[in-house]
Amino acid sequence: MERQLIKYLLASAQPADKVLLKGWIRTKRDSKEFSFLEINDGSCMSNIQVLAERSLSNYEEIEKLKTGSSISVKGRLVESPAQGQRFEIKAEEVEIYGPAPEDYPLQKKRHSMEFLREIAHLRPRTNTFGAVFRVRNKLSFAVHEFFQKNDFLHVHSPIITASDCEGAGEMFQVTTLDLKNIRVSEGRPDFTDDFFGRQANLTVSGQLEAELFATAFDRVYTFGPTFRAENSNTSRHLAEFWMIEPEIAFAGLQENMRLAEDFLKYIFRYCLENCSEDMKFFNDRIQPGIIDNLEAIISSEFEALSYTEAVSILMQSGEKFEYPVKWGADLQSEHERYLTEKKFGKPVIVTDYPKEIKAFYMRLNEDNKTVRAMDVLVPGVGEIIGGSEREYRYEVLVSRMKESGLNPEDYWWYLDTRKYGTVPHAGFGLGFERAVQFITGMQNIRDVIPFPRTPKNAAF
RNA sequence: UCCCCUGUAGCUCAGUCGGUAGAGCAGUAGACUGUUAAUCUAUUGGUCGCAAGUUCGAGUCUUGCCGGGGGAGCCA
């Protein structure tokens, strides 16, 4: 007899005589002559109800089973005589794989997210995290599907990088040197002894590599782990996270904005259509209204405005901000919140920021003051995408590097793309976990990644 | 890294003015012929985060340390 997943059993068109299912007991209700076992196998949010009667040969053991135990059930799929479910299983044989003693931490009650974070090895067995990781899975698939349908090439950008300074944040060092017994010359470790013969780090961005490939394949994307050693303690930062970075050649800021908007709408719609049961759970229990919200976003146009326009809107808003709004200063979280949550109530794309507050590789505008940057802000999460049209003019890029205190020689390979057949191009970075957060309504980014890495925390 | 809040039973939490520890769930024992977070009866369970201080007396007040959360910065 072939085992069937619970999601298919529950979706059956009619009863069936012989079925086999396996899973974990979520809860059990006993009566004198029988027990109801609610079984979940992770294939869907719903449990299937199993009726186990005293006539079963091992009923005495079944009766003692507790929440968390793993079992296999052979029996009949029958229409349920009671309210609450269409089908249930009338057990004919119950095999016990592993009972769960009474100290199983996930009892049938509400647990706090903080407590569940401390038992990250068990939390996938809860309703909330089951839904989160099913949605995360589908979302990941949707990312690939969108790009593949649109002729993008997936690039596996390196995780270890030896480029001296990428400038996107503090880096984790990668070394095989014996740190307890390190050879120092002139006050510094001698990296010529190290594995790569030079200092190496975990990547903080695949963008530079994506740019290289875009000059060959036109449209590319990376989707991989990214590492930032910042001492960030917030609900939207991780030390290890997954980033999606498309890069398109023969394109500028307009095409980039269009891509970002189409992409977000596509993956949102994909989740609504393919995770409806889980999305209903988020809508009912985690963030009321999230489904309507996403649907409204899919059918509306993102608001696009320049940094200069954003500053003037903020100054005329009459809002009392903790940090004053001033042209030239970066937008604070409260300013971004006002724009996306209060003023427009939908995603907002802010473009053309002052060059002083953005990275060296962004295309300088004619005014010599601003660069073709874009940030996509969404309600609740804030910045979900950061990107730009890239500076493709060799001389301008070199002088921007020098202004930023970088040594152009360290980037000779990057500069080569501007030297040989340079082309206008653009791209952006999307924080995958922030997208999962936005879609599910989960408040803390640590609860949308299987095993979160944050300062002072790398358990599991 | 900075600011604020918080730490009491396995979990979620209450604990008044400083007077010696409490509920629900889970567990345990039993009842119940269809339950849906099943219900009903009884019941076990505590280094009140750690350390020091004030006091006749500290879960409660003070200080330090540690853990957790929220906000800010860095960004995705």
Side-chain angles (χ1 to χ4, degrees), chain A residues 26-38 46-54 64 66-68 78 80-85 88 90 100-119 122 126-127 167-170 204-207 222-245 260 285 321-323 330-337 357-359 375-378 381-387 428-438 443-449 454-457 459:
Chain A
R26 279 293 176 80
T27 177
K28 179 161 130 315
R29 294 177 290 274
D30 299 312
S31 200
K32 191 174 186 180
E33 297 300 321
F34 50 81
S35 297
F36 291 110
L37 313 174
E38 296 262 357
S46 300
N47 306 322
I48 196 161
Q49 175 166 289
V50 172
L51 174 66
E53 293 172 302
R54 188 167 288 281
K64 286 188 207 133
K66 294 183 181 42
T67 300
V78 299
S80 178
Q83 295 294 310
Q85 58 281 315
E88 65 185 27
K90 194 158 181 309
E102 73 245 15
D103 61 352
Y104 180 58
L106 292 173
Q107 294 302 332
K108 50 177 170 183
K109 67 178 298 296
R110 203 197 141 269
H111 296 283
S112 67
M113 294 295 169
E114 294 77 28
F115 171 68
L116 294 170
R117 221 170 279 152
E118 289 166 14
I119 51 166
L122 297 173
T126 62
N127 284 338
E170 291 297 312
V204 292
S205 164
Q207 181 197 317
T222 71
F223 185 1
T226 309
F227 306 88
R228 304 266 167 99
E230 306 284 347
N231 189 11
S232 298
N233 294 288
T234 80
S235 57
R236 54 190 191 285
H237 288 88
L238 291 164
E240 177 183 288
F241 63 101
W242 288 66
M243 188 151 67
I244 296 149
E245 294 176 289
R285 299 292 195 86
F321 294 115
E322 194 185 334
Y323 294 88
D330 208 351
L331 298 180
Q332 301 291 318
S333 281
E334 55 174 345
H335 304 145
E336 297 180 346
R337 276 224 144 85
I357 58 174
K358 288 293 182 185
D375 283 0
V376 180
L377 314 175
V378 294
V381 174
E383 185 180 340
I384 196 169
I385 280 178
F428 61 80
L430 169 97
F432 184 60
E433 284 75 18
R434 288 190 183 172
V436 180
Q437 257 190 294
F438 184 66
Q443 298 273 303
N444 197 310
I445 200 166
R446 292 161 205 172
D447 300 328
V448 298
I449 189 167
T454 52
K456 303 270 185 287
N457 188 357

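Below, each value reflects all heavy atoms present in this structure, side chains not excepted, and no hydrogens, waters or symmetry copies. Just so we're clear, the structure is a prediction, and the values are computed from it rather than from any experiment. Lettering of chains follows the sequences in order, A, B, ..., and the numbering in each one begins at 1.
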Inset, instruction - Scan A:Glu114 against the nucleic acid and name what it touches under 4.0 Å (heavy atoms): base, sugar-phosphate only, or nothing. - result: sugar-phosphate
Inset, instruction - May I ask which nucleotide in the shown strands pairs with B:A42, Watson-Crick or G-U wobble, both distances under 3.5 Å? - result: B:U28
Inset, instruction - Report yes if a donor N or O on one partner sits less than 3.5 Å from an acceptor N or O on the other, where the partners are the side chain of A:Gln85 and the base of B:U35; otherwise report no. - result: yes
Inset, instruction - May I ask you to check whether over 12 heavy atoms, not counting those of A:Gln443, lie within 6.0 Å of atom CD? - result: no
Inset, instruction - Assign A:Leu238 to base, sugar-phosphate, or nothing according to its heavy-atom contacts below 4.0 angstrom with the strands shown. - result: base
Legend entry - Donor-acceptor pair (no angle test) under 3.5 Å: A:Gln443 side chain, B:G70 base: no
Inset, instruction - Scan A:Glu334 against the nucleic acid and name what it touches under 4.0 Å (heavy atoms): base, sugar-phosphate only, or nothing. - result: nothing
Legend entry - Sugar-phosphate only, base, or nothing, as touched by A:Thr226 at under 4.0 Å among non-hydrogen atoms: nothing
Legend entry - Rounded P spacing from B:G67 to B:G73 in Å: 24 Å
Inset, instruction - Would you indicate what A:Pro105 reaches in the nucleic acid, counting non-hydrogen atoms under 4.0 angstrom: base, sugar-phosphate, or nothing? - result: nothing
Inset, instruction - Give none if B:U55 has no partner; otherwise give the nucleotide forming a Watson-Crick or G-U wobble pair with it, both distances under 3.5 Å. - result: none
Inset, instruction - Give a yes/no answer on whether the side chain of A:Arg29 brings an N or O atom under 4.0 Å of OP1 or OP2 in B:U33. - result: no
Legend entry - Nucleotide opposite B:C65 in a Watson-Crick or G-U pair, distances under 3.5 Å: B:G49
Legend entry - Exercise: do A:Glu245 and A:Ser205 side chains pair donor with acceptor under 3.5 Å: yes
Legend entry - Pair A:Ile385-A:Val378, side-chain contact (heavy atoms from CB on, under 4.5 Å): steps then yes or no: CA-CA 9 Å; A:Ile385 280 178; A:Val378 294; over 6 Å; no
